[in-house]
Amino acid sequence: MKLLLLTAALVGGLLASAPAIAQNARLGYVPTEDHPVGQASRHFAKLVEEKTGGRIKIETFGNGVLGSEPDMQASVQAGFIDIMVGPTPNLVGVVPEFMIFDLPFFYKDFAAVDAVMDGEVGERLFSLLQEKTGIVGLAWWDNGFRHMTNAIRPVNAVEDMAGLNIRVIPNPLFIATWTALGTNPTPLPWPELYAALENRAVDGQETPYALIYTARFYEVQSHLAKTGHVYTPFVLLASQKWFGSLSEEDKALVLEAAKESAAFQREISRKSAEDLEQELIAKGFKITQPTPEAMDAMRERVAPVVAEYSEKIGVDVVEKARAAMAAVAGQ
């Protein structure tokens, strides 16, 4: 009996002094590894490992290796994948309030966007997401403002958009927006877009600079209008199964790393967009900047759409977003 007690005490002592077992995780994203999302994913993984003294190690998988964004979202919700990065439109089906980032001509600049993401509205959206799906929002990352390209003519005013066949995300708000602007919106999945532009099934499309460049749209498009009509964030998301298994200390450290990764990612993403504009010009794009008056005319055209979808999002959420933007205007 004494031997058994001695052995138990010895084992207990060894377990108490042993280092904590690393809680490894997998992080998936669709963009390429050299995209700002890929760079920031690796940076986040490094920060987490450093802050937790190696207790948590995150392996990153880019290029859609772990599936499409909707597939990964379902896997994160089910706990099959631990962490992912994806754009907000995929979350609208479960939390309509995320449409606040699909409203056309709603955000003036990055300061306005950051005020909404980092303030009460951003916190509320993550809270609703966890409440409805169990998915934990870790951080808001940058995806950039969306701009319009086409192969027919330069766009300097809303009248120049008339009759153009524009590919849009299969999303009612995007369809309503581009109908109001006088175009013929054509919903198409992303993988079909390049071929549709090449064979002129559609005249143009609307995405941020990074996607315009990496998808090589300069090969099949000639005009780019800096409309900046919609801002779409990326979000860093974790499964409740993985995040909930962490100690309170490690949860705090992961959230701290996520916040630092957001600052890192936004900086390189926005700098990349500035550089890509010159690259797109070098590739042959003719870039136009509609005047403030022209932008006001576009904003007026879509005002009924904004009003209609503000009701669906929740007027209180929209007004909180407007208040957050007003607080930083002119700073």
Mark yes or no for whether [X], through its side chain, and [Y], through its backbone, hold a donor-acceptor pair below 3.5 Å.
X	Y	value
H147	G228	yes
T133	Q130	no
D275	S272	no
S310	V318	no
T288	V155	yes
T177	L173	yes

Count I, L, V, M, F, W, Y as connected when their side-chain heavy atoms are under 4.5 Å apart, and connections chain through other members. Are [X] and [Y] then in the same cluster?
X	Y	result
F243	I135	no
L66	W242	no
V37	V48	yes
I83	V136	yes
F126	L255	no

Quick one: do [X] and [Y] make a salt bridge, cutoff under 4.0 Å?
X	Y	value
E319	R322	yes
K226	E277	yes
K251	E256	no
E97	R124	no
E274	K271	no

Where [X] and [Y] come nearest, the two heavy atoms and their spacing:
X	Y	answer
A215	W190	CB-CZ2, 3.9 Å
P104	V230	CA-CG2, 4.0 Å
L27	Y29	CD2-CD2, 3.8 Å
A262	A139	CB-CB, 4.2 Å
L91	V235	CD1-CG2, 3.9 Å
G79	K241	O-CD, 3.7 Å

- Evaluate the criterion side chain to side chain contact (heavy atoms under 4.5 Å, CB included) for residue pair L164 and N184; output intermediate values, then yes/no. CA-CA 6 Å; L164 291 174; N184 300 315; over 6 Å; no
- List the steps and the verdict of salt bridge (charged side-chain N to carboxylate O under 4.0 Å, His left out) for R26 and E59. CA-CA 5 Å; R26 294 186 303 161; E59 189 174 2; over 6 Å; no
Are side-chain heavy atoms of [X] and [Y] found at a separation under 4.5 Å?
X	Y	value
I56	D250	yes
M325	K108	no
V317	K320	no
P87	E69	yes
I100	L125	yes
S41	T60	yes
R55	E249	yes
P36	Q265	yes

Once you round to the nearest 0.5 Å, how far does [atom1] of [X] lie from [atom2] of [Y]?
X	Y	atom1	atom2	result
N165	L197	CG	CG	11.0 Å
K46	I58	NZ	CD1	14.0 Å
Q77	M72	CD	CE	14.5 Å
I152	Q221	CD1	CD	8.5 Å
L237	L129	CG	CG	6.0 Å
D34	N63	CG	CG	8.5 Å

- Query: Are a donor atom and an acceptor atom from the side chains of T149 and Q205 found within less than 3.5 Å of each other?
  - Reply: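 A donor-acceptor contact under 3.5 Å links the two side chains.
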- Message: Pairing donors with acceptors under 3.5 angstrom, does anything connect the side chains of S261 and W141?
- Response: yes
- Query: Does CD in E50 sit with more than 12 non-hydrogen atoms of other residues, nucleotides or ligands closer than 6.0 Å?
  - Reply: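 Result for CD/E50: enclosed.
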- Item | Crowding at CZ, R153 (>12 non-hydrogen neighbours, <6.0 Å) | yes
- Message: One pair to check against salt bridge (charged side-chain N to carboxylate O under 4.0 Å, His left out): D102 and R146. What are the steps and the verdict?
- Response: CA-CA 10 Å; D102 294 339; R146 304 175 79 90; over 6 Å; no
- Look at the aromatic rings of H35 and F234 and report parallel, tilted or perpendicular, splitting at 30° and 60°. perpendicular
- Just say parallel, tilted or perpendicular for the rings of H229 and F105, cut-offs at 30° and 60°. tilted
- Step by step, work out the salt bridge (charged side-chain N to carboxylate O under 4.0 Å, His left out) result for E219 and K283. CA-CA 8 Å; E219 297 175 349; K283 293 289 187 183; over 6 Å; no
Could you check whether [Y] and [X] have their ring centres less than 6.0 Å apart?
X	Y	result
F145	Y107	no
Y218	F285	no
W140	F101	yes

- Message: Taking the cut-offs as 6.0 angstrom to the six-membered ring centre and 45 degrees off its axis, would you call R216 and Y194 a cation-pi pair?
- Response: yes
- Does NZ or CZ of R270 lie under 6.0 Å from the centre of the six-membered ring of F110, at an angle within 45° of the ring axis? yes
- Where do T227 and M298 land on the side chain to side chain contact (heavy atoms under 4.5 Å, CB included) test, with the steps shown first? CA-CA 9 Å; T227 49; M298 295 176 195; 4.3 Å; yes
- Item | F217/L280 under side chain to side chain contact (heavy atoms under 4.5 Å, CB included): CA gap, chis, key distance, verdict | CA-CA 9 Å; F217 289 156; L280 290 169; over 6 Å; no
- Message: Would F80 and S239 count as a side chain to side chain contact (heavy atoms under 4.5 Å, CB included) here? Give the steps.
- Response: CA-CA 8 Å; F80 300 138; S239 74; over 6 Å; no
- Message: R266 vs D114, test: salt bridge (charged side-chain N to carboxylate O under 4.0 Å, His left out). Steps then yes/no.
- Response: CA-CA 10 Å; R266 291 182 202 179; D114 291 347; 3.2 Å; yes
